[in-house]
Amino acid sequence: MNIHRDTAATLGFLLFPGFPMACLTSAIEPLRAANEITGRKEFAWKLIGEAASPIRSSAEVRFDPDVTLADAVGLDYLFFLSAPTSQFQNPKRGNAQVRWLDRSGVVLGGFSGGIFPLVRSGVMERHAVSVHWCYEAAFKTEFPDTIASQAVILRDRRRYTASGAGAVFDLMLRLIEERLGRDTMTEVACWFQHPFVRTEDAAQKVPVQKQGGTDDLLPDTVRAAIQIFAEHIEDPLQIADVAEALAMSERHLERCFKQATGQSPLKYYRLMRLRKARQRVLYSTQSIREIAQSVGYASSTPMTKHYAEAFGVNPNDERRRLVGLRGLAGAMPPND
């Protein structure tokens, strides 16, 4: 079915310094292909910046915005692309403009880390958000009242969020299908040899620690144990308690875990907690002491030791290094 409309759908991509370039290309390329396949300009797009100056992506490639946010008109969609720590240079003005666009009927959304400034803009109240698994801990820390979903794509009324570049491509395919029909969408997907089109209820793939696989391939018992671990990050359980909850012996759980992951459940559980801590070190404004407590340590000293063993750098040094890379000295929280 072709549901062509007379005017092109216009998408605005609001870029912040350090935005993920892969998300931008994953959005624009399928739209470009749809235009070529139909021989019509069905989709148009604009690169938008808070200011008119060039914006450098996370890959160190610079992009010149077509228009500033203050002058952005005629949009059907506005998507935020940024790192999790990104903010407007002038939050009052930037957030007010986003809210004005919302009142004008523009669909708002965010890709990957872009969900952070999107939520900070104040337009996501009572809306759920697709949160990439590597940002989940930091997101829930900053926005405890916002529903964080593991869906790769989430369209909640006029709010569209996608967890990463692959999910962005899938979201664009959905927009193409709704505007031009399934045949055109399928042809676009085949242009790029996109192996399958995920539905909006598809869950994110999450890597198994140090195994090179994904969690959906694990045995049911191991997945169930990991789910219990995830529900008890701040208040760690004894492995014996987890085994009891699963109606199995601790020894059997140990065997299952080592066979499936190459690690003991205790080591896997600790690394899960440390990975949550690392997300908060990199993307939250919590102090190191607060982070340690949020992943079940009574103080920062043992967490710092385990963190350094796991990642080869202590959290204070990693945070300072990240500040230097971002050029945001003084913008991060204290270390203790």
Side-chain angles (χ1 to χ4, degrees), residues 5-35 40-125 127 129 155-162 165 168-169 171-172 175-176 178-179 326-328 331:
R5 298 179 178 88
D6 292 333
T7 58
T10 302
L11 293 79
F13 300 108
L14 178 58
L15 309 181
F16 292 77
F19 75 91
M21 189 172 73
C23 286
L24 181 63
T25 57
S26 290
I28 291 176
E29 283 297 295
L31 303 179
R32 174 193 63 80
N35 287 349
R40 301 184 300 270
K41 190 174 183 179
E42 293 287 351
F43 296 95
W45 49 87
K46 297 178 181 180
L47 303 187
I48 300 171
E50 184 177 5
S53 53
I55 304 164
R56 194 177 294 273
S57 73
S58 59
E60 296 296 320
V61 178
R62 295 196 316 169
F63 291 79
D64 294 317
D66 299 308
V67 66
T68 64
L69 181 61
D71 296 325
V73 295
L75 301 178
D76 296 296
Y77 306 86
L78 177 69
F79 294 107
F80 285 58
L81 287 81
S82 76
T85 53
S86 297
Q87 301 184 57
F88 285 118
Q89 294 178 357
N90 186 328
K92 184 176 181 181
R93 182 184 302 167
N95 292 337
Q97 183 67 12
V98 172
R99 290 192 291 270
W100 179 83
L101 289 169
D102 178 34
R103 292 193 298 273
S104 301
V106 176
V107 174
L108 302 176
F111 303 153
S112 191
I115 61 173
F116 284 77
L118 174 66
V119 178
R120 292 181 192 122
S121 70
V123 296
M124 296 301 289
E125 186 177 357
H127 289 275
V129 179
R155 293 200 286 177
D156 185 0
R157 291 156 288 170
R158 290 191 303 109
R159 301 292 184 270
Y160 295 2
T161 51
V168 171
F169 197 101
L171 175 58
M172 295 302 110
L175 299 185
I176 292 167
E178 289 165 2
R179 184 177 177 89
R326 291 175 179 156
L328 295 175

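Values reported hereafter were calculated over all heavy atoms of this structure, with side chains retained and with hydrogens, waters and symmetry mates removed.
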Report, one line per pair, each donor and acceptor closer than 3.5 Å where one atom sits in a side chain of residues 72-82; sequence neighbours left out.
from, atom 1, to, atom 2, distance (Å)
Asp76, OD2, Thr10, N, 2.8
Ser82, OG, Gly113, O, 3.3

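- Here the straight-line distance linking atom CZ of Arg179 with atom CG of Leu31 works out to 10.5 Å at 0.5 Å rounding.
- Closest of all the heavy-atom pairs between Gly109 and Leu118 is C-CD2, 3.6 Å.
- Nearest heavy atom pair, residue Met172 against residue Ser26, reads CG-O, 4.0 Å.
- A side-chain donor-acceptor contact under 3.5 Å links Asn35 to the backbone of Glu42.
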Review point. Where do Asp156 and Met124 land on the side chain to side chain contact (heavy atoms under 4.5 Å, CB included) test, with the steps shown first?
Key: CA-CA 10 Å; Asp156 185 0; Met124 296 301 289; over 6 Å; no

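- Under a 3.5 Å cut-off, the side chain of Arg158 and the backbone N or O of Val106 do form a donor-acceptor pair.
- No side-chain donor-acceptor contact under 3.5 Å links Arg120 to the backbone of Asn95.
- A donor-acceptor contact shorter than 3.5 Å is absent between the side chain of Arg159 and the backbone of Val129.
- A donor-acceptor pair is defined here as one N or O able to donate and one able to accept, closer than 3.5 Å; no such pair exists between the side chain of Glu50 and the backbone of Gly94.
- Contact detail for Thr25 and Pro30: the closest heavy-atom pair is O-CD, 4.1 Å.
- Gly49 approaches Pro65 most closely through the heavy-atom pair N-CB, 3.6 Å.
- When all heavy atoms of Ile48 and Gly12 are compared, the pair lying nearest together is CD1-CA, 3.7 Å.
- Taking a 6.0 Å sphere around CZ of Arg157, one finds it holds more than 12 heavy atoms contributed by other residues, nucleotides or ligands.
- Proximity of Leu69 to Arg93: side-chain heavy atoms (C-beta onward) are nowhere separated by under 4.5 Å.
- The side-chain hydrogen bond (donor to acceptor under 3.5 Å, both in side chains) search around Arg32 returns Glu29, Glu36, not counting sequence neighbours.
- With values rounded to the nearest 0.5 angstrom, Leu108 atom CG is found 7.0 Å from Ser121 atom OG.
- Taking 4.5 Å as the limit, every side-chain heavy atom of Pro117 sits out of range of all side-chain heavy atoms of Phe88.
- In this structure, the side chains of Trp45 and Leu24 stay at 4.5 Å or more apart for every pair of heavy atoms.
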Cut-off 3.5 Å, no hydrogens considered: what does the side-chain donor-acceptor table look like for residues 15-23, sequence neighbours left out?
none

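- Looking at Asp64 and Leu47, their side chains never come closer than 4.5 Å, going by heavy atoms from C-beta outward.
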